[in-house]
*Asks:* 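Next up is a structure, given as structure tokens.
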Amino acid sequence: MAKAWRWFHQLGSPKYLFQKTGQWLPWIWGATLILLAVGLYYSLWASPLEARQGQGHTVRIMYIHVPAAALSMVGYIAMAIAAIVGLVWKMKMAFAVVRSIAPAGAAMTFLALFTGSVWGKPTWGTWWEWDARMTSELLLLFLYLGFIALHASFSDRSKADKASAILAIVGVINIPIIYFSVKWWNTLHQGYSVTQKGALAPEFQVPLFTMLAGMYLLFAALVIMRLRAEIILRNQKSRWVMEWATADAKKVTHD
Amino acid sequence: MPSLSSMSQSQDIQFDGLYAHELTVSRSENVLLEDAELHLAPATITYLYGENGTGKTSLMRCLTGLLQPDDGKIYWNKKPINHPESGYFQDLIFLAHSLSMKNELTIAENLTFYAQLRCGGSYNNKELQADISQVLTDLGIGGLEGRMFAELSAGQQHKVALARLMLEPAKIWILDEPFVNLDQKTRGWLAAKTLEFKAQGGVVLFTSHHHIDELPVDQKVGVEHE
Amino acid sequence: MPSLSSMSQSQDIQFDGLYAHELTVSRSENVLLEDAELHLAPATITYLYGENGTGKTSLMRCLTGLLQPDDGKIYWNKKPINHPESGYFQDLIFLAHSLSMKNELTIAENLTFYAQLRCGGSYNNKELQADISQVLTDLGIGGLEGRMFAELSAGQQHKVALARLMLEPAKIWILDEPFVNLDQKTRGWLAAKTLEFKAQGGVVLFTSHHHIDELPVDQKVGVEHE
Amino acid sequence: MISTLLKRELKVARRNWIGLAIPLLFFIIVVSLFPFAVSPEAPMLQKLAPGVIWVAALLSMLLSLEQFYRSDFQDGSLEQLLLMSSPTSVAISKIFAHWLLTGLPLVILSPLLGLLMQINYGFEHINHTWVLMLSLMLGTPTLCLLGAVGMSLTLAANRNGLLVSILIIPLYVPVLIFGASTVTASLESLRYNGELAILGAFLMIAIVFAPFASGRALKISVG
Amino acid sequence: MISTLLKRELKVARRNWIGLAIPLLFFIIVVSLFPFAVSPEAPMLQKLAPGVIWVAALLSMLLSLEQFYRSDFQDGSLEQLLLMSSPTSVAISKIFAHWLLTGLPLVILSPLLGLLMQINYGFEHINHTWVLMLSLMLGTPTLCLLGAVGMSLTLAANRNGLLVSILIIPLYVPVLIFGASTVTASLESLRYNGELAILGAFLMIAIVFAPFASGRALKISVG
Ligand code: HEM
Ligand SMILES: Nc1ncnc2c1ncn2[C@@H]1O[C@H](COP(=O)(O)OP(=O)(O)OP(=O)(O)O)[C@@H](O)[C@H]1O
Ligand SMILES: Nc1ncnc2c1ncn2[C@@H]1O[C@H](COP(=O)(O)OP(=O)(O)OP(=O)(O)O)[C@@H](O)[C@H]1O
Ligand SMILES: [Mg+2]
Ligand SMILES: [Mg+2]
């Protein structure tokens with residue numbers, strides 16, 4: 001326990017975090033590429049087509065759509081947790097994490113909306129329906145964009161961090177509320193059974209789970225890369241960054 | 001930072017008045033003050049000087065708790081200023097660059113609001129209105145009580161802000177460039193009132209880029225940058 | 001007022017520089033100036049003084065055409081200021097209390113905008129940027145060209161507004177309390193620049209509640225009220 | 001403390017009486033745009049009515065927010081208020097004043113709008129109007145509370161009035177859904193107690209969290 | 001002269017790129033409130049679409065006005081601009097910049113909104129989308145021009161963003177009616193040339209009078 005606590009504290013040090021993530025990153029990228037390659041192979045070539053609904057090849061969209069939709073939500077929750085850590089324990093690095101998750105999360109949300117929409121056209125005959133899931137996903141996109149917009153509207157970084165952290169927390173309280181109210185509201189008028197949990201055949205499971213794992217790692221890699229940039233940006237004046245930068249510059253000139 | 005050690009420290013503080021300990025202040029990554037110590041004793045007037053942009057305003061905002069310092073503690077009568085028992089915010093009047101008056105209200109309404117906010121209902125309204133008239137007359141803008149704040153000249157607006165000093169009881173004044181825009185007569189008035197306040201044990205911290213002959217100071221603190 | 005007589009009058013005006021004739025100015029029913037005459041000759045510095053609220057700012061706003069006087073005419077080099085041939089607004093820089101800079105733009109962008117607005121395309125951009133850097137360095141805020149205007153201290157913001165005087169060619173400066181918020185060094189700088197401008201034949205009108213030792217004036221005009 | 005703050009808000013508003021009337025007028029105008037823009041036929045309007053009135057109420061609350069917070073921030077009053085009272089009580093009095101001065105009049109005015117939108121043909125339908133008022137009565141304070149959080153967060157941001165809308169509207173959606181569907185249910189002669197209860201629950205949650213969050217945000221903005 | 005002014009507007013906007021995105025987001029969000037408030041069913045939405053999209057466009061233009069004029073007035077820039085150039089050219093450049101930065105993006109984005117409101121089920125219906133864009137293309141500049149007049153008039157009034165709404169909305173209504181009915185006509189497979197022509201006529205009239213009127217009003221506000 002004490003050890004975990006100390007590690008947590010060490011993560012609060014920009015230098016330590018930068019070095020550690022630098023060590024992890026190649027591994028994460030490696031695993032991401034492998035998993036995505038395998039997953040895409042399975043999902044695009046090796047998996048069977050969906051016969052029942054007569055969707056044909058469009059079912060392959062699922063292998064992108066489902067992970068993206070899952071990550072969009074996980075991303076926001078992670079953001080809110082980091083925001084709480086930042087506000088309660090006054091840990092500056094947590095704000096850098098919050099800030100780094102936002103663009104990747106927004107991108108995943110957009111991807112889920114986009115793939116869902118493209119999928120919806122052949123299956124439902126419309127690009128957009130005000131279905132509960134789709135709608136709450138749209139609102140989630142607005143929450144992400146609001147966060148990004150708020151952060152970008154401050155010139156003072158520490159203010160931007162704190163204000164947008166409060167927004168992230170308020171937003172996360174609202175996500176379940178939004179989800180349930182949208183669901184309740186929608187079923188009043190019509191119900192779509194497409195997104196209900198059905199038994200997924202094993203030949204769909206393997207590629208789906210591989211893609212899920214791959215996309216999670218991809219998400220982590222994107223966040224970490226962004227986080228490293230953020231760390232450098234926030235510590236421009238400190239000595240280790242100067243040293244790192246000049247060392248890097250030397251490497252470049254040597255090449 | 002373990003909270004225990006800072007508690008014990010707070011008992012060590014021996015200084016009455018305002019005391020800032022190891023204060024570090026930065027603004028958008030520039031460190032303005034590092035490990036600064038500042039002691040404003042009761043019944044003293046302190047003059048804060050320094051060239052433009054050295055951090056006088058930033059320091060004042062830290063001392064009023066509006067700006068979070070990067071590090072350091074600030075005590076009022078031996079208690080951290082945020083401590084409920086310090087009573088700091090009851091004792092403090094801070095006049096900043098922005099005059100904090102509402103354009104849509106009249107002079108009297110603006111002043112009444114701040115006085116009531118500080119004193120609650122204890123300030124009898126009739127008395128308060130009489131006091132306001134009195135102060136405004138002293139300031140040379142008597143009779144303008146009912147004028148909208150927006151319709152005053154720059155100096156007149158400033159005078160209204162200064163009137164607060166006379167209407168609200170306080171033990172410490174922090175004044176950011178209080179002499180700006182004022183004519184000679186009003187400067188003299190403010191200097192005299194400041195000396196009176198000091199004589200009653202008040203603590204005063206002010207900045208000014210001009211030397212004010214009428215106001216002898218007890219302590220000069222310079223903010224110099226790099 | 002029949003326009004003929006004022007036309008004939010305009011031919012009678014014998015004064016170069018700025019000349020205000022029978023000026024009557026009032027603000028919310030108070031008459032501030034009545035039938036005032038004012039002549040600012042080329043190569044002179046005029047100091048406008050008066051207690052708070054006597055009407056200095058109002059007079060200046062009349063002289064710049066921003067406030068409509070109740071009565072009277074204002075001439076620039078013998079032509080009414082609104083006459084297209086007077087070229088008055090090309091020749092005038094008016095620095096008011098509000099600094100007229102945009103918070104969202106950097107210092108350099110703000111200054112570039114005003115310089116280009118006045119000079120059109122004639123001011124080579126590279127040259128202009130060099131000039132801006134030079135002026136800012138003289139003012140002690142060199143290197144801050146890229147800083148957002150909002151992120152400056154009170155005095156630094158004021159300095160940026162003053163930098164316009166050096167970047168835009170003009171023949172008359174009307175400056176409302178230009179020395180406010182400035183440190184000693186910058187006041188000296190501004191006084192020196194004002195004297196240079198005068199030496200080149202410029203007309204200067206300024207107000208200040210403090211006496212500026214460094215700036216000898218040629219004419220003092222008092223605005224006294226009742 | 002809170003009563004002094006409140007008194008000042010009321011005084012500022014009274015002085016600036018036109019400011020009071022404006023959110024109301026805005027409310028009326030937005031609603032009355034729809035007969036022009038969509039269709040002036042009664043059955044269609046009646047169908048639209050709950051949604052349109054609720055959207056108009058929401059927008060009108062949203063837009064009056066600016067006026068309630070921005071000017072205190074800009075003229076430095078906010079910083080003085082925070083020096084003299086706790087952030088949460090500043091937030092509470094602002095929120096309360098905001099509701100009193102824009103939310104409440106809007107509730108009172110809503111029957112008129114119902115009339116414009118043909119909710120109410122005669123006295124036998126008076127019930128729908130009551131439901132409309134009740135839903136707004138429970139919903140508008142929640143809008144004020146959430147709006148206060150958003151507004152306090154954006155005070156120190158580069159001034160952009162619309163930013164706050166974007167932050168808050170996703171939070172407003174649940175209130176909107178239940179507010180409008182309460183009225184719709186009533187018009188369709190269905191039970192609407194459940195919806196009202198949920199609106200009440202939202203209000204409770206908002207009352208507990210929003211003043212605190214808004215106070216924190218005010219403190220950050222001033223810093 | 002006008003080009004320098006325009007360049008500055010664009011620079012202010014670019015600096016604050018998020019400020020550019022915000023009216024757009026607002027536009028999207030307001031439109032998407034209606035399915036929540038009224039009904040998410042496609043036929044109903046389609047019927048509402050022209051009106052709702054036009055109302056949202058109108059509100060979004062109206063609210064971004066504030067940002068385009070108020071800050072110049074408050075920081076004293078406006079007074080400097082009027083010293084250095086003619087009021088009409090100040091007005092023209094403000095109006096043009098406003099349209100370029102909020103009207104045009106809104107026109108470009110409108111097909112997406114059409115999609116959300118089910119205007120467009122597939123490529124065979126692409127025509128309706130064109131009509132929507134065309135109507136906005138002709139209508140939004142008129143909104144900018146009229147908005148500029150109202151905004152300039154209210155600058156010196158006690159700051160109140162909503163006052164301008166009250167002044168301008170009556171002027172906006174004709175544009176709204178013809179804008180929305182153009183699209184409705186197209187959706188109902190009727191001819192819509194007449195409506196477009198009227199929108200064009202409004203634009204012409206506004207172009208002739210509005211910049212001058214707005215310039216005069218600016219001058220008065222500063223005085
Ligand atoms: C823009 C449109 C759409 C959006 C925003 C959207 C959003 C979502 C979301 C948020 C999830 C939940 C992911 C999770 O719980 O981990 C999901 C899952 C899923 N979606 Fe979509 N979706 C859209 C369109 C579609 C379409 C058109 C289909 C298929 C016809 C579809 C099929 C699925 C399936 C099969 C799942 C996984 C089911 C489950 O795990 O419960 N989606 N989608
Ligand atoms: N909002 C801000 N964001 C970033 N930096 C700021 C901000 N305000 C001030 N600064 C910087 O902090 C430094 C100190 O500013 P401060 O206002 O404390 O100076 P000051 O001593 O009061 O100067 P003056 O005499 O001009 O009022 C300045 O260099 C300024 O550029
Ligand atoms: N907007 C206004 N509306 C009505 N009256 C005004 C307005 N502005 C100023 N006044 C009044 O006009 C008179 C002159 O104001 P002005 O600003 O010209 O004074 P000033 O000489 O510049 O004073 P200061 O030294 O304080 O700047 C004052 O008595 C003031 O109360
Ligand atoms: Mg200062
Ligand atoms: Mg003045």
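Side-chain atoms are counted along with the backbone in the values below, which use heavy atoms only and exclude waters and symmetry mates. Order of the sequence lines fixes the chain letters, A, B, ..., with proteins taken first and strands second; residue numbering starts at 1 for each chain.
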*Asks:* Can you tell me which portion of E:Leu176 sits under 4.5 Å from chain D's heavy atoms? Options are side chain, backbone, both or neither.
*Replies:*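 Side chain only.
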*Asks:* Show the nearest heavy-atom pair for residues D:Ala180 and E:Ala37, with the distance to one decimal.
*Replies:*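 Scanning both residues completely, I find the closest heavy atoms to be CB-O, 3.4 Å.
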*Asks:* How long is the straight-line distance from CG of D:Leu167 back to CD1 of E:Ile29, given to the nearest 0.5 Å?
*Replies:*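 So the CD1 of E:Ile29 and the CG of D:Leu167 are separated by 9.0 Å.
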*Asks:* Atom CZ in E:Phe36, atom CD1 in D:Ile177: separation rounded to 0.5 Å?
*Replies:*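 Going from the CZ atom of E:Phe36 to the CD1 atom of D:Ile177 covers 5.5 Å.
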*Asks:* If I compare all heavy atoms of E:Val38 with all of D:Val52, which pair ends up nearest, and what's the gap?
*Replies:*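 Looking at all heavy atoms of both residues, the closest pair is CG2-N, 4.5 Å.
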*Asks:* From E:Phe26 CZ over to D:Leu59 CG, what is the distance, rounded to the nearest 0.5 angstrom?
*Replies:*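 E:Phe26 CZ to D:Leu59 CG: 5.5 Å, rounded to 0.5 Å.
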*Asks:* Hey, does E:Lys47 have a side-chain heavy atom less than 4.5 Å from the side chain of D:Leu48?
*Replies:*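 Side chain of D:Leu48 against side chain of E:Lys47, heavy atoms only: no contact under 4.5 Å found.
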*Asks:* Side chain from CB out, backbone as N, CA, C, O: work out which of these in D:Ile166 comes under 4.5 Å of a heavy atom of chain E, or both, or neither.
*Replies:*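 Contact with chain E is through both the backbone and side chain of D:Ile166.
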*Asks:* Step through the shown structure and confirm whether more than 12 heavy atoms of other residues, nucleotides or ligands are within 6.0 Å of CZ on D:Phe73.
*Replies:*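 Counting other residues, nucleotides and ligands, CZ of D:Phe73 exceeds 12 neighbours.
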*Asks:* Tell me, out of E:Gly51, E:Ser64, E:Ser32, who's got the most heavy-atom pairs with chain D below 4.5 Å.
*Replies:*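 So the answer, after comparing E:Gly51, E:Ser64, E:Ser32, is E:Gly51.
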*Asks:* Please say whether more than 12 non-hydrogen atoms of neighbouring residues, nucleotides or ligands are located less than 6.0 Å from CZ in E:Phe202.
*Replies:*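 Yes, the 6.0 Å shell around CZ holds more than 12 heavy atoms from other groups.
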*Asks:* So which part of E:Val30 gets closer than 4.5 Å to some heavy atom of chain D, the side chain, the backbone, both or neither?
*Replies:*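 For E:Val30, the contact with chain D is made by the side chain alone.
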*Asks:* Do you know which of D:Val173, D:Leu58, D:Ile53 has the most heavy-atom pairs under 4.5 Å to chain E?
*Replies:*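 Sorted descending by pairs with chain E, the first entry is D:Val173.
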